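Here the structure is laid out as structure tokens; the discussion comes afterwards.
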Protein chains: 2
Amino acid sequence: MATRLALVDDDQNILTSVALALEAEGYEVDTYFDGEQALAGLMRRPAALAILDIKMPRMDGTELLGKIRQKSAMPVIFLTSKDDELDEALGLSLGADDYITKPFSQRLLLARIRAVLRRAGGQAPLSESNDTIAQGDLLLDPDRHLCSWKGDEVKLTVTEFLLLQALALRPGHVKSRDQLMDAAYGDDIFLEDRTIDSHIKRIRRKFRAHDNLFDRIETLYGIGYKYKPDA
Amino acid sequence: MATRLALVDDDQNILTSVALALEAEGYEVDTYFDGEQALAGLMRRPAALAILDIKMPRMDGTELLGKIRQKSAMPVIFLTSKDDELDEALGLSLGADDYITKPFSQRLLLARIRAVLRRAGGQAPLSESNDTIAQGDLLLDPDRHLCSWKGDEVKLTVTEFLLLQALALRPGHVKSRDQLMDAAYGDDIFLEDRTIDSHIKRIRRKFRAHDNLFDRIETLYGIGYKYKPDA
DNA sequence: AATCTCTGCCTCAATCCTGCCGCGATCCTG
DNA sequence: CAGGATCGCGGCAGGATTGAGGCAGAGATT
């Protein structure tokens, strides 16, 4: 069930350390240290995504990408050195799905991998979906920034919308305050936990203004919040 | 319950001020001022996350990271000076989870710490699994923090949930109070044995409120408890 | 410039959780 | 069977967590 990634780089350090990191994230990783080896390996063990260093001896990344593209539409992410931007242009025009300049953080790499895999369509885009959410009486349309409860429009601010969206995306699933913070602001912002409570309070208040029995946002003491699905 | 962080920096000012800030946030912080000391300390007091300065006398951050990686997959955040980008490349491709360039805001540091811990925590769940447990009439879904008996929802607190999960994970197997304590709190906490009894009492009571014949949690005199599987 | 809105956070009171104690009942061991 | 160990249960008090109101600053709007 684990997604298999192919990692190609001639620098042994990068190869092993990045592989370790990815495996820690639950991916299976096949490592190759040059293009020819990678090409051969990919025939036998196809991967969901390939991560290629551009500069490699014997067969460089762009050439490898070309060969891969002859046989498969497998998503590809390029690794490039920071200073040679030419490579980026080259790689992308050749059909890479994304690129990352060294140095890169593990966080960035993971984000790109997830994004590319998501775009590639295999996985359910649960986290970032822009789709309308219709959970019983609740309707959330991100594109129109529209929220309604039992037909009545409920005016939410951006933050409130994002939080409710995160909750309603997986009805019944518990979200910690940290997770909600991620959903509304992203990784790099730290706020008081209790700020989430404040927003939840405001969301509840707005919904109760339309339906004073509204109780779909449940508090789980010591854990977080969840959106209760229809019974 | 407090998460322990390891902070390694040769600058005493940074060491103490950052440590203070982190402690104010509720973390336990072990501080070390060089790599060797840190390595020794980490053996005895393992931390959930290490924050390493890259430039240090005797053993620098990357070297320390290497040594740490030989023994553990502990998440690591690097601190780097803004001007030497080389360090970043080196550290990150070596397997650090993230990096922060000095000077950094406390807010960013906290955000990164949380993000890394979250990722790490999700990956390596302390106990056995995050899967739903379905044992006959019992249903335990950690993601939803949902517990039901014969279809009825039974509302459990976090501690109760963890204990029941530990028991139900291996139906028929005896769990000592110590083992249950580990499952619910981790192995860093000492509590009165009888406290487990109290929780078991409350779990039983809650289940009996739905089914007064409930007797699946069996007491093994002098040993512990076990969850009785279906006959 | 004068509002208005959004938002993060603070305070206070109410509620919930939990560790532990004591008592009586039960269970083993010799 | 007696004595001691162990356990179930009620209850309590402190601590942790949460809901609600409110406030001030930053931006946006008028």
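Chain naming here is simple, since letters A, B, ... match the order of the sequence lines and numbering starts at 1 in each. Bear in mind that the values here come from a model prediction, so they are computed numbers and not experimental data.
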field: A:Arg177 or B:Glu218, whichever maps to the more 5' nucleotide of DNA chain D
entry: B:Glu218

Residues in side chain to side chain donor-acceptor pair (under 3.5 Å) contact with B:Asp152, at least two apart in sequence or another chain: B:His210

query: With a 4.0 Å cut-off on heavy atoms, is B:Leu220 in touch with a base, just the backbone sugar-phosphate, or nothing at all?
result: sugar-phosphate

task: Could you list the residues that satisfy side chain to side chain donor-acceptor pair (under 3.5 Å) with B:Arg202, not counting sequence neighbours?
output: none

Stretch residues 191-214 of chain B: residues that reach within less than 4.0 Å of DNA chain C through a heavy atom: B:Leu191, B:Glu192, B:Thr195, B:Ser198, B:His199, B:Arg202

message: Just to verify, what does B:Lys228 make a salt bridge (charged side-chain N to carboxylate O under 4.0 Å, His left out) with, not counting sequence neighbours?
response: B:Asp215

statement: In the 5' to 3' direction, the nucleotides of DNA chain C bounding the stretch that comes under 4.0 Å of a heavy atom in chain A are C:dC6 to C:dC17

task: Could you please name the option among D:dG8, D:dG4, D:dA16 that lies closest to any side-chain atom of B:Thr219?
output: D:dG8

task: Return the set of residues passing side chain to side chain donor-acceptor pair (under 3.5 Å) with A:Arg204 (not counting sequence neighbours), or none when no residue passes.
output: A:Thr219

field: Enclosure of B:Lys67 NZ (heavy-atom neighbours >12, cutoff 6.0 Å)
entry: no

- prompt: Starting at CG of B:Asp215 and ending at P of D:dC7, how long is that distance when rounded to a whole Å?
  reply: 18 Å

- prompt: How many angstroms lie between CG in B:Leu164 and SG in B:Cys147, if you round to the nearest 0.5 Å?
  reply: 5.5 Å

query: Does the pair B:Asp182/B:Lys175 count as a salt bridge with the N-to-O cut at 4.0 Å?
result: no

field: Residues forming a salt bridge (charged side-chain N to carboxylate O under 4.0 Å, His left out) with B:Asp178, sequence neighbours excluded
entry: none

- request: Find the bend of the helix from C:dA1-D:dT30 to C:dG30-D:dC1 as the angle between its two terminal axes (five pairs each), to the nearest 10°.
  value: 30°

All salt bridge (charged side-chain N to carboxylate O under 4.0 Å, His left out) counterparts of A:Arg194, not counting sequence neighbours: A:Asp197

Dump the pairs, protein N or O against N or O of nucleotides 27-30 of chain D, anything under 3.5 Å, distances to one decimal.
none

message: Please report the distance, rounded to the nearest Å, between CD1 in B:Ile189 and C1' in D:dG15.
response: 14 Å

- request: Output the distance between atom CD (A:Gln165) and atom CG (A:Leu140), rounded to the nearest 0.5 Å.
  value: 6.5 Å

task: Using a 4.0 Å heavy-atom cut-off across all strands, classify A:Tyr185 as base, sugar-phosphate, or nothing.
output: sugar-phosphate

statement: The salt bridge (charged side-chain N to carboxylate O under 4.0 Å, His left out) partners of B:Asp34 (sequence neighbours excluded) come to B:Arg58

query: Phosphate oxygens OP1/OP2 of D:dT6: is one of them under 4.0 Å from a side-chain N or O of B:Tyr225?
result: no

- request: Measure the OG-NZ distance between B:Ser176 and B:Lys226 for me, rounded to the nearest 0.5 Å.
  value: 14.5 Å

message: Run the side chain to side chain donor-acceptor pair (under 3.5 Å) test against B:Lys150 and tell me which residues pass, sequence neighbours left out.
response: B:Asp211

statement: Comparing B:Tyr221 with A:Glu160, nearest DNA chain C nucleotide closer to 5' gives the residue A:Glu160

